[in-house]
Amino acid sequence: MVSERLMPPMSETTAQSNVVTRFAPSPTGFLHIGGGRTALFNWLYARGRGGRFLLRIEDTDRERSTPEATAAILRGLAWLGLDWDGEVVSQFDRKDRHAEVAHQMLARGTAYKCFSTQEEIAAFKAAEEAAGRYPVFLSPWRDADPASWPDAPYVIRMKAPRAGETVIEDRVQGRVVIRNETLDDMIVLRSDGTPTYMLAVVVDDHDMGVTHVIRGDDHLNNAARQQMVYDAMGWGVPVWAHIPLIHGPDGKKLSKRHGATGVEEYQAMGYPAAGMRNYLTRLGWAKGDAEIFSTAEALEMFDLDGIGRAPARLDFKKLENTCGHHIAMMDDAALLQELDLYLAAAHRPALDAGQHARLSAALPSVKDRAKTLPELLEKAQFALISRPVRMDDAAALALDDAGRDLLRGLTPRLQSADWTKAALEPVLAGFAAERGLGFGKLAAPLRAALSGRSVTPSVYDMMLVIGRDETLARLADAVR
RNA sequence: GGCCCGUUCGUCUAUCGGUUAGGACAUCUGGUUUUCAACCAGGCAAGAGGGGUUCGACUCCCCUACGGGCUGCCA
């Protein structure tokens with residue numbers, strides 16, 4: 001028996017508005033960066049086609065599932081801006097439905113009760129291995145007469161085809177053929193009546209109307225067994241798309257030692273969500289030479305064909321570069337909001353109203369200079385501080401006798417100048433020229449007096465942002 | 001061990017039998033400049049190895065190597 005099936009018709013046009021995807025994490029920890037990308041791909045694919053994106057928490061493992069993990073996953077998704085349709089589905093809550101389907105399989109003859117004990121199975125596998133065969137368990141109960149059934153605990157096993165092959169038509173991996181003899185009769189319902197993952201995913205995906213299963217390629221082999229369940233129930237198989245996992249910078253599986261593995265850690269490091277989405281979208285997916293794009297553009301462009309088959313490595317340099325572009329592109333109000341979120345996530349003190357206003361004024365002059373949110377704050381430092389300005393070593397050096405003398409000479413001219421860049425430029429340039437100095441010689445002490453540092457945005461930008469009074473006050477402090 | 005998947009510049013990738021193998025990040029050089037960043041110009045840099053198929057392979061097939069996944073009454 002060959003359970004091969006044709007790919008469902010799914011030209012982009014017919015699939016238009018009825019695409020349903022889902023993200024189905026198990027709540028055993030924070031939202032992993034790889035999971036975040038999987039969610040993103042599902043979200044992009046569905047939303048980009050006017051379809052629906054669903055969220056299901058696979059919490060059937062009661063030992064390891066925690067409400068805290070679920071909350072963390074939801075927070076991570078929310079930060080990434082991945083909103084889902086409808087209620088969050090709890091897989092555990094659907095256990096009765098899963099059991100019901102298992103019994104339907106029994107009734108249809110596509111599953112059977114297996115009374116073998118775990119000891120018997122272990123012994124069987126050991127014997128097989130000793131004989132040099134794959135330890136694929138062949139249950140003696142597969143075709144047993146119900147009359148022979150003992151009054152003992154049993155599991156329900158899928159009656160999987162023993163011969164032939166199962167073919168997965170995968171939109172990313174291509175045509176994957178698995179010989180049925182390498183697959184055993186998997187358990188669909190445990191002896192305690194609870195469903196296994198293999199049954200639960202299929203039932204839930206079917207009931208939720210999922211049309212496209214986009215998930216990590218660690219599930220590629222599972223797809224064959226799951227497809228058998230679809231076949232057993234006479235259900236239509238969804239479109240499969242198994243995407244490669246993300247690796248650390250060294251090419252190894254992403255783990256704690258690579259630093260950040262949780263989505264929320266990236267938020268706390270100050271990467272803006274829009275930049276994160278852009279970077280993650282491009283990690284393992286491409287459309288021509290598109291590199292920097294908005295979420296709206298990503299929605300427009302994203303498709304399954306652009307997904308690569310090899311695992312991609314995380315590259316923080318490129319992440320930063322991408323985020324830098326997004327910080328520069330973001331409008332000030334959105335940026336300010338992003339900044340507040342970051343401060344909270346990083347457990348840093350929030351900005352007060354005054355700082356908010358000054359930061360807002362400073363944003364245009366600093367936002368194209370920062371790659372991360374903390375860097376942005378750092379560059380805007382001149383607007384956030386209050387007098388007296390604390391000088392760092394380099395700034396103190398610039399405010400030597402000669403520097404202070406320059407500032408004393410400059411002060412009266414500033415008092416009478418119009419406070420615009422156009423008016424200020426000739427004033428400063430003229431003053432420097434009078435003293436026979438290059439502009440840089442004047443800018444250094446001025447920069448130091450205004451910011452207490454030697455590295456800042458343009459001196460004009462700083463003066464304009466903090467205003468005439470504050471500028472003069474800082475100069476007065478510096479020459480005192 | 002068995003089965004499945006993968007392998008283009010350091011990194012992310014384009015290429016869907018015929019290209020000087022393109023772009024981006026990183027890096028290097030030069031320019032601009034008011035510090036830093038940005039920006040502009042340019043440079044370096046790739047088809048894992050070996051067999052086929054073909055007039056012609058990065059592209060199709062096979063083998064090997066390396067990496068990954070699965071092989072649970074976990075998900």
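Hydrogens, waters and symmetry mates play no part in the numbers below; they use all other heavy atoms, side chains included. Letters A, B, ... mirror the listed sequences (proteins, then strands); counts begin at 1.
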Enumerate all atom pairs, one protein N or O and one N or O from nucleotides 24-27 of chain B, separated by less than 3.5 Å.
| from | atom 1 | to | atom 2 | distance (Å) |
| --- | --- | --- | --- | --- |
| rA24(B) | O4' | E291(A) | OE2 | 3.4 |
| rA24(B) | N3 | K318(A) | NZ | 3.3 |
| rC25(B) | O3' | N321(A) | ND2 | 3.4 |
| rC25(B) | O2' | K318(A) | N | 3.3 |

Exercise. Look at T196(A) and rC73(B) and indicate whether a side-chain polar atom (N or O) is within less than 4.0 Å of OP1 or OP2.
Key: no
Quiz item: L406(A) has an atom CG; how far is it from atom P of rU34(B), in whole Å?
Solution: 16 Å
Exercise. In whole angstrom, give me the gap between the P atoms of rA57(B) and rG49(B).
Key: 15 Å
Self-check item: Y197(A)/H219(A) aromatic ring centres below 6.0 Å
Solution: yes
Quiz prompt | Residues, nucleotides or ligands: over 12 heavy atoms within 6.0 Å of E63(A) CD | solution = no
Using a cut-off of under 3.5 Å, enumerate the N/O to N/O pairs linking the protein to nucleotides 67-71 of chain B.
| from | atom 1 | to | atom 2 | distance (Å) |
| --- | --- | --- | --- | --- |
| rG69(B) | OP1 | K253(A) | NZ | 3.4 |
| rG69(B) | O2' | D218(A) | O | 3.3 |
| rG69(B) | N2 | N221(A) | ND2 | 3.0 |

Practice problem: Check if the side chain of R447(A) and the base of rU34(B) share a donor-acceptor pair of N or O atoms closer than 3.5 Å. | Solution: yes
Quiz item: Closer to the 5' end of RNA chain B via nearest nucleotide, is it G288(A) or V459(A)?
Solution: G288(A)
Exercise. Find which nucleotide of RNA chain B each of R313(A) and T117(A) is nearest to by heavy atoms, and output the residue with the more 5' nucleotide.
Key: R313(A)
Exercise. Would you classify G216(A) as touching base, sugar-phosphate or nothing, given that sugar-phosphate means primed atoms plus P, OP1 and OP2, and contacts are heavy atoms under 4.0 Å?
Key: nothing
Quiz item: NA contact type, V177(A), heavy-atom cut-off 4.0 Å: base, sugar-phosphate, or nothing?
Solution: sugar-phosphate
